[in-house]
Amino acid sequence: MQNNIKWVGAIFLVLTAIEIVNLFTGRALNYFGLIPRSINHLPHVFSAPLLHGSFWHFLSNIVTLCVFSFLLLQYGVKTYLKVTLMIIVTTGLAVWLFARGGNHLGASSVIYGYFGFLLLAGFISKQFFRLMISIFVGLVYGGLIFGVLPQGKYISWESHLFGFLFGLMAAKMWAHTPNYITAREAASKN
């Protein structure tokens, strides 16, 4: 648990540092957002989720990203890293190939990926604690599902949709990851 909190703290600090630099440079880092079908912007699949269009955009993403990261870390660090990398790469490529023109950026693509994973993974794993996480996410964050529908001109609903779909796919692939050994289990083995 303490290790998971350290991971979430590191994520928070890195994204906050990037946001501060972006804020004080007049959003100059947003050049590294993802512009569909622009060959020059294809590598930005990796940088776009780290950037935000405004401070309010950052605030609307950071808390949910940290909560979902903590919950996903309950599947272990390896699973967290695999799911995160898969979501960033697959969602980024899908947005690059199919999304409307414009500069797509923000952590919401990853948030929606985590949302899809966390909703489905508990049911697939058939483990009580993980099932409780899925139910919690569904009850508290279920309204996010409407974000996959086309909406405002400046909202990348495509990032939401593809993130969610690839999160579901990641759950199908990695929800059966064995639990890490708890302190109680380790003590009972001794």
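Computed from a predicted model, the values in this text were never measured in an experiment.
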### Message
Assess the residue pair Trp7 and Leu81 against the criterion (side chain to side chain contact (heavy atoms under 4.5 Å, CB included)); give the C-alpha distance rounded to whole Å, side-chain angles, the decisive distance to 0.1 Å, and a yes or no.
### Response
CA-CA 11 Å; Trp7 272 91; Leu81 294 173; 4.0 Å; yes

Identify whether [X] and [Y] are in the same connected component of the hydrophobic contact network (ILVMFWY, side-chain heavy atoms under 4.5 Å).
{"X": "Met132", "Y": "Leu72", "answer": "no"}
{"X": "Val21", "Y": "Phe24", "answer": "no"}
{"X": "Ile88", "Y": "Trp157", "answer": "yes"}
{"X": "Leu119", "Y": "Val67", "answer": "yes"}
{"X": "Phe164", "Y": "Leu149", "answer": "yes"}

Report yes or no: does [X] contribute a side-chain atom to a donor-acceptor pair with the main-chain N or O of [Y] at less than 3.5 Å?
{"X": "Arg37", "Y": "Ala99", "answer": "yes"}
{"X": "Ser60", "Y": "His57", "answer": "yes"}
{"X": "Tyr112", "Y": "Leu144", "answer": "yes"}
{"X": "Trp96", "Y": "Ser38", "answer": "yes"}
{"X": "Asn22", "Y": "Leu29", "answer": "yes"}

Rounded at 0.5 Å granularity, tell me how far [atom1] in [X] sits from [atom2] in [Y].
{"X": "Leu105", "Y": "Leu50", "atom1": "CG", "atom2": "CG", "answer": "10.5 Å"}
{"X": "Leu165", "Y": "Met169", "atom1": "CG", "atom2": "CE", "answer": "7.5 Å"}
{"X": "Ile87", "Y": "Phe166", "atom1": "CD1", "atom2": "CZ", "answer": "10.0 Å"}
{"X": "Glu158", "Y": "Leu161", "atom1": "CD", "atom2": "CG", "answer": "8.5 Å"}
{"X": "Cys66", "Y": "Leu15", "atom1": "SG", "atom2": "CG", "answer": "7.5 Å"}

Does the side chain of [X] pick up a donor-acceptor pair with the side chain of [Y] at under 3.5 Å?
{"X": "His176", "Y": "Ser125", "value": "no"}
{"X": "Asn61", "Y": "His52", "value": "yes"}
{"X": "Tyr80", "Y": "Ser69", "value": "yes"}
{"X": "Asn103", "Y": "Asn30", "value": "no"}
{"X": "Tyr114", "Y": "Thr84", "value": "yes"}

### Task
Please name the residue in the list Leu118, Val63, Val8, Val110 that meets the side-chain contact (heavy atoms from CB on, under 4.5 Å) test with Phe68.
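In the set Leu118, Val63, Val8, Val110, the residue that makes a side-chain contact (heavy atoms from CB on, under 4.5 Å) with Phe68 is Leu118.
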
Would a 4.5 Å heavy-atom cut-off, applied to side chains only, mark [X] and [Y] as touching?
{"X": "Phe46", "Y": "Phe32", "result": "no"}
{"X": "Phe123", "Y": "Ile135", "result": "yes"}
{"X": "Thr91", "Y": "Val45", "result": "no"}
{"X": "His160", "Y": "Ser109", "result": "no"}
{"X": "Leu120", "Y": "Lys172", "result": "yes"}
{"X": "Asn3", "Y": "Leu73", "result": "no"}
{"X": "Gln74", "Y": "Arg130", "result": "no"}

### Partners meeting ring pair (Phe, Tyr, Trp, His ring centres under 6.0 Å) with Tyr31 (sequence neighbours left out)
His41, His44

To check you understand the geometry: which heavy-atom pair defines the closest contact between [X] and [Y], and what is its length?
{"X": "Thr16", "Y": "Phe12", "result": "OG1-O, 2.7 Å"}
{"X": "Leu51", "Y": "Gly33", "result": "CD1-N, 4.0 Å"}
{"X": "Leu34", "Y": "Gly92", "result": "CD2-O, 3.2 Å"}
{"X": "Gly116", "Y": "Leu168", "result": "O-CD2, 3.3 Å"}
{"X": "Ser159", "Y": "His104", "result": "OG-ND1, 4.2 Å"}
{"X": "Ser156", "Y": "Arg100", "result": "CA-NH2, 3.9 Å"}

### Within 6.0 angstrom of Phe55 CZ, more than 12 heavy atoms from elsewhere
no

### Query
Which class fits the ring pair Phe98 and Phe162: parallel under 30°, tilted 30 to 60°, perpendicular over 60°?
tilted

### Query
Should the pair Phe117 and Tyr75 be assigned to parallel (<30°), tilted (30 to 60°) or perpendicular (>60°) ring geometry?
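Rings of Phe117 and Tyr75: perpendicular, as their planes differ by over 60°.
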
#### Entry: Stepwise side chain to side chain contact (heavy atoms under 4.5 Å, CB included) test for Phe146 and Gln151
CA-CA 9 Å; Phe146 296 108; Gln151 43 192 299; over 6 Å; no

